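Each remark here refers to the structure printed beneath this line.
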Amino acid sequence: QWVYNILEKKAEADRIVHENPDPSNGFVLVPDLKWNQNQLDDLYLIALVHRREIKSLRDLTAEHLPLLRNVLQEGKEAIVKRFGVPGSQLRIYLHYQPSYHHLHVHFTALGYDAPGSSVERAHLLADVIDNLAMDSMYYQKRALTFPLRAEEPLFKKFQEAGKV
């Protein structure tokens, strides 16, 4: 609901850094709640796409390339305009598994070791775009590894199934 409240401007409307209102290829860019916006060393913003049917990386196909390219290009432009941080100094990625199931993209300062920015969980947006350009169904076919904490319900299901 937090995501939908932002997209509908019922919450955090004053925090929006950039918005492309297009219902198909648009998104809202907001500072992550973990970032206090006082320094750029731990810059952290989230792009929330307007399309509600895209839940995660697994849902993406070549049909979504215009959306993903918009997020990449416009997100970088908005960040350099507002914060003076060029795209070359950003890590731009999606999580798999995501912490909530509405497609969102993380923009962090390159030098910031943000939670979940390591290779086990983060998939660089530029790589996602390239993979989908090569094979529209890449993320439906590819085996994706991801970390799980011992207390997570999904980990317990893997244990019960003898897969751990």
Side-chain angles (χ1 to χ4, degrees), residues 1-8 10-12 15 23-36 41-73 75-76 79 87-164:
Q1 192 58 50
W2 168 78
V3 170
Y4 300 141
N5 286 343
I6 292 172
L7 292 173
E8 295 165 9
K10 293 178 182 173
E12 302 187 43
R15 299 186 51 191
S24 186
N25 297 320
F27 66 98
V28 171
L29 184 67
V30 294
D32 188 273
L33 296 173
K34 296 179 211 60
W35 182 41
N36 65 18
D41 292 346
D42 60 350
L43 176 138
Y44 198 150
L45 294 102
I46 301 284
L48 304 165
V49 303
H50 286 298
R51 294 178 65 170
R52 294 184 182 206
E53 78 278 7
I54 310 171
K55 303 297 183 194
S56 79
L57 186 63
R58 285 285 188 203
D59 295 327
L60 295 173
T61 66
E63 172 212 339
H64 303 109
L65 285 170
L67 167 64
L68 299 173
R69 288 179 176 133
N70 276 354
V71 169
L72 182 62
Q73 186 61 38
K76 289 193 298 189
I79 290 170
S88 63
Q89 296 302 305
L90 297 173
R91 180 180 291 116
I92 305 166
Y93 57 94
L94 296 87
H95 281 151
Y96 190 79
Q97 293 269 338
S99 53
Y100 51 93
H101 291 279
H102 179 96
L103 189 72
H104 58 284
V105 178
H106 302 257
F107 288 76
T108 63
L110 195 55
Y112 176 47
D113 187 20
S117 65
S118 62
V119 71
E120 295 86 13
R121 189 155 179 227
H123 297 263
L124 296 176
L125 180 56
D127 291 345
V128 170
I129 291 169
D130 285 348
N131 290 336
L132 291 171
M134 285 188 299
D135 180 351
S136 178
M137 302 300 286
Y138 183 87
Y139 290 100
Q140 282 76 36
K141 298 176 190 175
R142 180 149 184 339
L144 296 172
T145 58
F146 54 90
L148 287 172
R149 292 185 188 94
E151 68 274 5
E152 291 185 58
L154 185 55
F155 182 78
K156 293 188 186 326
K157 293 216 181 273
F158 277 120
Q159 277 183 320
E160 291 164 9
K163 302 290 184 184
V164 178

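Because the structure is predicted, anything quoted here is derived from the model rather than measured.
Heavy atoms only, all atoms of each residue included: D41 and Y112 are closest at O-CB, 3.3 Å. Between H50 and P23, the closest heavy-atom pair is CB-O, 4.0 Å. Heavy-atom minimum distance, Y139 versus N131: OH-ND2, 2.8 Å. Pairing each heavy atom of D32 with each of R15, the nearest pair is O-NH2, 3.8 Å. Across all non-hydrogen atoms, the minimal contact from H64 to D59 is CE1-O, 3.4 Å. What you find for V49 and F27 is that their closest heavy atoms are CA-CB, 3.9 Å.
Counting heavy atoms from C-beta on, the side chains of L154 and F146 come closer than 4.5 Å. Side-chain atoms of E12 and L33, non-hydrogen and from C-beta on, do get closer than 4.5 Å to each other. A heavy-atom distance below 4.5 Å is not found between the side chains of Y138 and D130.
Partners of K163 according to the salt bridge (Lys or Arg N to Asp or Glu O under 4.0 Å) rule, which considers only residues two or more places apart in sequence or in another chain, do not exist here. By the side-chain contact (heavy atoms from CB on, under 4.5 Å) test, S117 is found to be paired with R91, Y93, D113, A114, residues two or more places apart in sequence or in another chain being considered. Listed by chain and residue number, nothing satisfies the side-chain hydrogen bond (donor to acceptor under 3.5 Å, both in side chains) test with K156 (two or more places apart in sequence, or in another chain).
Distance check, rounded to the nearest 0.5 Å: OG1 of T108 to CG of L90 gives 7.5 Å. Interatomic distance, L65 CG to N25 CG, rounded to the nearest 0.5 Å: 10.0 Å. Considering CD of Q140 and CG of L60, their distance stands at 8.0 Å, rounded to 0.5 Å. The structure places CG of L144 at 5.0 Å from NE2 of H123, a figure rounded to the nearest 0.5 Å. Considering CZ of R69 and CG of L125, their distance stands at 10.5 Å, rounded to 0.5 Å. The distance from atom CH2 of W35 to atom CG of D42, rounded to the nearest 0.5 Å, is 7.5 Å.
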**Message:** Quick one, V105 with L72, criterion side chain to side chain contact (heavy atoms under 4.5 Å, CB included). Give me CA distance, side-chain angles, the key distance, then yes/no.
**Reply:** CA-CA 9 Å; V105 178; L72 182 62; over 6 Å; no

**Request:** Mind running side chain to side chain contact (heavy atoms under 4.5 Å, CB included) on L103 and R51 for me, showing each step along the way?
**Result:** CA-CA 8 Å; L103 189 72; R51 294 178 65 170; over 6 Å; no

**Request:** Just do the side chain to side chain contact (heavy atoms under 4.5 Å, CB included) check on H106 and I46 with the steps written out, would you?
**Result:** CA-CA 5 Å; H106 302 257; I46 301 284; 3.3 Å; yes

**Prompt:** Does the pair V71 and F107 meet the rule for a side chain to side chain contact (heavy atoms under 4.5 Å, CB included), with working shown?
**Reply:** CA-CA 10 Å; V71 169; F107 288 76; 4.0 Å; yes

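When the shell of 6.0 Å around NZ of K55 is examined, it contains more than 12 heavy atoms from other residues, nucleotides or ligands.
With hydrogens and angles ignored, the 3.5 Å screen pairs no side-chain donor or acceptor of H95 with any backbone N or O of S56. Between the side chain of H104 and the backbone N or O of H102 there is at least one donor-acceptor pair closer than 3.5 Å.
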